[in-house]
Amino acid sequence: MPRFLVKDAAKHVGEKVKIAGWVNVRRAHGKILFIDLRDISGIMQVVFVPSNKEVYELAETLRPEWVVEITGQIVKRPENMMNDKIETGQVEMSVESLKVLSQSETLPLSIETDGYEIGEEIRMKYRYLDLRRERVKRNLIVRHKVIKFIRDFLDQENFVEIETPMLTKSTPEGARDYIVPSRQDPGKFYALPQSPQQYKQLLMVGGLERYFQIAKCLRDEDPRGDRQPEFTQLDMEMSFVSQEDVMDLTERLLILLVQNLFPNKKIQETPFPRISYKDAMEKYKSDRPDMRSDKNDKDLLAFCWVVDFPFFEKNDEGGWTFTHNPFSASKTEFEADLLGKKNIESILTSQYDIVLNGFEIGGGSIRNHRPEALEKVFEIMGYKKEIIQEKFGHMMEAFKYGAPPHGGIAWGLDRVFTLLLNEPNIREVIAFPKTGDGKDFMMKAPSEVDKKQLEELHISVKKPKAKK
Ligand code: ASP
């Protein structure tokens, strides 16, 4: 007999069906035993009566979180026993047979509540149990639905989903790289991608025209409460587009997504308002202004675009560095300044950031597709010819062979989910998040590795200095 999800089983009144899942609660009502059986789809009330002696006695031994398979008849509950609070509340199962598939010890944490009140360390250590919590489970299901919606939308718009490598080259992209030692090339290292930026641009040179990826990005940044060392971007790149085209596509997708999957939410203003970096700083003292007219309304979404960022800023050593992305083009009116390396402080980039309720949820730009312009960016940053060649030679070379003009954007998906689901931090929308300082309490990572592994990699570890 096939197994039904409880949500579907509930539709088969009068029929004999099989269900399986976890014992949510067990309670006795006089001589009658009730179990709430939980599976991914919901909860079903299951009834054991003493006349079915063997099954009844087995049912008496059941404890919360045991995994069971039950066969029985779906019957309508008496009027006064109906429960509107659960989807299957009109019916219950009258049991014929019961099989215990797995027992459970008492859980080390409660899974009945929202869980906000439970210490994070214990939630993370037992994340596989924490995931049984209704709220966390629902977050992951909504996450899946949003990603599916995005995929379907982009497919309709002729985008191709393409995977790019995780083992790549360390290049200065703004954050610190996670690096991976090469066993076969002792002393050499791969880097994990901070974003697929260079690959997606190379895909445009490759003629793919419209690329996207639900991409993992890895950045070794200093711990900060709400940051993850690895996070997920919706990464996109398009050929033959203007800034307007990329912004228009982003806007259409965001609006449709909210309308279809979060109908309770209200978008404050469409088209999304735009503000220059200069005005944002003057008016809101922030380059990610919170434009909500009512900050108490949890269902109000105030999107806005921030544009006209300076291309370069001074770094700690007094030289120039890029504010967002070295691969961006300047705004057209500053092309001559960029090529002539003049008036550097006033060059504006084609960068556009998308902001939601005071959080930056994405950003992108039109890129420099001419090698000479890209080279100027690196020269302004003080890179010597050899370094440019060593670090970015592949990009310069690629752009020599008919590179189409292109541009793109990436959304920080974890942040988008956090805001749409009204969660207080991004760990609530990630299946297996790390703590703010990059630890995985469940797997106990990072961890030491075998001496043999280090030897194979020609690595010797210096004793770390004692922490102050
Ligand atoms: N690669 C950029 C980032 O990760 C996004 C982009 O410009 O497309 O922020």
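Note that ligands are numbered from 1 as they come in the structure, with each ligand's atoms numbered from 1 the same way. Hydrogens, waters and symmetry mates are skipped; everything else that's a heavy atom, side chains included, is used. All residue numbers refer to positions in the sequence shown, counting from 1.
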TODO: Could you list which atoms of ligand 1 come closer than 4.0 Å to a heavy atom of A410?
DONE: 5 (C), 8 (O)
Open item on the list: With a heavy-atom distance limit of 4.0 Å, tell me whether S195 approaches ligand 1 through its side chain, its backbone, both, or neither.
Closed with: side chain
Task: Check: T164 side chain, Y199 main-chain N or O, donor-acceptor pair, under 3.5 Å - done: no
- [ ] Among R367, M396, E379, find the residue that satisfies the side-chain contact (heavy atoms from CB on, under 4.5 Å) test when tested with L374.
- [x] M396
Open item on the list: I'd like to know if Q198 contacts ligand 1, where contact means a heavy-atom distance under 4.0 Å to any ligand atom.
Closed with: no
Task: Within-4.5 Å side-chain heavy-atom neighbours: P289 and C304 - done: yes
Task: Ligand-residue contact atoms, ligand 1 with G363, heavy atoms, under 4.0 Å - done: 5 (C), 6 (C), 7 (O), 8 (O)
Task: Ring-face cation contact, F441 with R127, 6.0 Å cut, 45° max - done: no
- [ ] Determine whether the side chain, the backbone, both or neither of K200 has a heavy atom under 4.0 Å from any heavy atom of ligand 1.
- [x] side chain
TODO: Consider only side-chain N and O atoms of W320 and E345, and report whether a donor and an acceptor are under 3.5 Å apart.
DONE: no
Task: Proximal ligand 1 atoms for I409, defined as those under 4.0 Å from one of its heavy atoms - done: 8 (O)
Open item on the list: I want to confirm something. Looking only at heavy atoms, which of R367, E360, Q233, R219 is nearest to atom 7 (O) of ligand 1?
Closed with: R367
TODO: Under 4.0 Å from a heavy atom of N325: give me the atoms of ligand 1 that qualify, with their elements.
DONE: 7 (O)
Task: Close-contact set for ligand 1 against G364 heavy atoms, below 4.0 Å - done: 6 (C), 7 (O)
Open item on the list: I'd like to know if Q201 contacts ligand 1, where contact means a heavy-atom distance under 4.0 Å to any ligand atom.
Closed with: no
Task: Close-contact set for ligand 1 against Q197 heavy atoms, below 4.0 Å - done: 1 (N), 2 (C), 5 (C), 6 (C), 7 (O), 8 (O)
Task: Close approach, H324 and ligand 1, non-hydrogen under 4.0 angstrom - done: no
Task: Parallel, tilted or perpendicular: ring planes of F159 versus F212, cut at 30 and 60 degrees - done: perpendicular
TODO: Could you list the residues that satisfy side chain to side chain contact (heavy atoms under 4.5 Å, CB included) with L101, not counting sequence neighbours?
DONE: V67, E69, K99
Open item on the list: For residues 355-386, which residue pairs pass the ring pair (Phe, Tyr, Trp, His ring centres under 6.0 Å) check, not counting sequence neighbours?
Closed with: F378-Y383, F378-F392
